[in-house]
Amino acid sequence: MSAEPVPAPSVALPSPWRLWAAASGIAGTAVLAVVAVGSTSAVLFCGSAVLAAVLLPAAYLVAKPWFVARSERWHRVITFVPMTAYAWALGLGIVVAVSLLPDRPMEAGFGLLTVWSFHIGGGVSEPRSFAYERLRGRLTWAAALHVNAMVYGTLGAVCLVRGLPVPERYATPVFATSVSVVLGVAGVSALRVFLRGRKLATELDTRAQKVQRCLERLSRCPVAERGQRRESTEDAWDDLHRTLHNKVETGFHLYGTFVIPPETTKELRALVEEAITDPGAPAHHEAVKRLSALRAACESKIDTVA
């Protein structure tokens, strides 16, 4: 008589009340901020600031178990919410600035330059989770946001110039020059940034493929040939590692969007080094799998003649 299988214990998911409680806490914080800004009482302002400082961490602690228990798809959506809000905020800033034209060009110019400064200053950090899965989109939207920011900054500068007292006889040439500058910056920025993205994707694919092939050959070669194979694999990894340190949309290392997060690069490096030291080990298969994911994300951007 065979024993009946024991059913797996069901895992109780956190109740939805946690999400609603956290949302209430955030809403309360927003109300307190509005009250504090509109009040002239220092006591009320300090009290609202203290309550807001308590409500926000409390909302995070209450909602965290609910978020942790969500599926992978949920986590991908949730972790991308800040970037979505950032894009909406940029769009709102542009709408407000454009609404000030043509009567208030100076205010519109300052608004557009503020949008540009905020983006150049870092904006909102790119989500570091699902690094390989998000790479395909990152290669596109990082470049697009950068081009938009450059165009908005140029438009802001043009608006400031338009706001200056210019004699009537020079108004038409100044306007024509301004439009030419905006179109020129938009065209050159788009061409250079998107060309950079295609070149970067091509280099990533080429060098990741080389590391993959070197690892596979290392795992299959006789023991007597492993010394030379290891050296070739190390050289291939060094090339890929340098490429991973580039930014997607700019050559400035202090500004821009990473290809994959630094911690993810360190994890990949550890796997590759272990695969080189011990060919055919589990680390070898995991490293090849991640390199394949990296190549798959770059596939649609490959351009060998860019």
Is a side-chain donor or acceptor of [X] paired with a backbone partner of [Y] at a separation under 3.5 angstrom?
X	Y	value
Asp235	Ser232	no
Thr202	Asp303	yes
Arg196	Ala143	no
Arg230	Thr277	yes
Arg207	Ala236	no
Arg198	Val305	no

Hydrophobic cluster identity match, [X] and [Y], side-chain contacts under 4.5 Å:
X	Y	answer
Val288	Leu271	no
Val115	Val193	yes
Leu240	Leu135	yes
Phe118	Val151	yes
Leu204	Ile302	no

Kindly compute the distance separating [atom1] ([X]) from [atom2] ([Y]), expressed to the nearest 0.5 Å.
X	Y	atom1	atom2	result
Lys210	Arg213	NZ	CZ	11.0 Å
Thr264	Phe258	OG1	CZ	7.5 Å
Glu234	Cys214	CD	SG	10.5 Å
Arg295	Thr206	CZ	OG1	8.5 Å
Leu294	Cys298	CG	SG	5.0 Å
Glu216	Cys221	CD	SG	11.5 Å

Query raised in the report: Do the charged groups of Lys199 and Glu203 touch, with an N to O distance under 4.0 Å?
Result: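 Glu203 and Lys199: not salt-bridged.
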
Could you tell me which non-hydrogen atom of [X] sits nearest to which non-hydrogen atom of [Y], and how far apart they are?
X	Y	answer
Thr243	Leu200	CG2-CD1, 3.9 Å
Ser219	Arg226	O-NH2, 4.3 Å
Arg290	Leu268	CB-CD1, 4.1 Å
Gly280	His285	O-NE2, 3.7 Å
Val248	Ala142	CG1-CB, 4.0 Å
Leu112	Tyr152	CB-O, 3.4 Å

Can you confirm whether [X] is buried at [atom1], in the sense that more than 12 heavy atoms of other residues, nucleotides or ligands lie under 6.0 Å from that atom?
X	atom1	answer
Glu299	CD	no
Glu225	CD	yes
Arg192	CZ	no
Tyr132	OH	yes

Query raised in the report: Taking it one step at a time, do Thr257 and Glu249 satisfy side-chain contact (heavy atoms from CB on, under 4.5 Å)?
Result: CA-CA 7 Å; Thr257 306; Glu249 72 275 47; 3.0 Å; yes

Query raised in the report: Side chains of Arg217 and Thr233: is there a donor and an acceptor less than 3.5 Å apart?
Result: no

**Report entry** Geometric class of the His245/His241 ring pair [parallel <30°, tilted 30-60°, perpendicular >60°]
**Finding:**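 It falls in the perpendicular class, over 60°.
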
Is there side-chain contact between [X] and [Y], with at least one heavy-atom pair below 4.5 Å?
X	Y	result
Ser129	Arg134	yes
Ile276	Leu215	yes
Trp116	Leu155	no

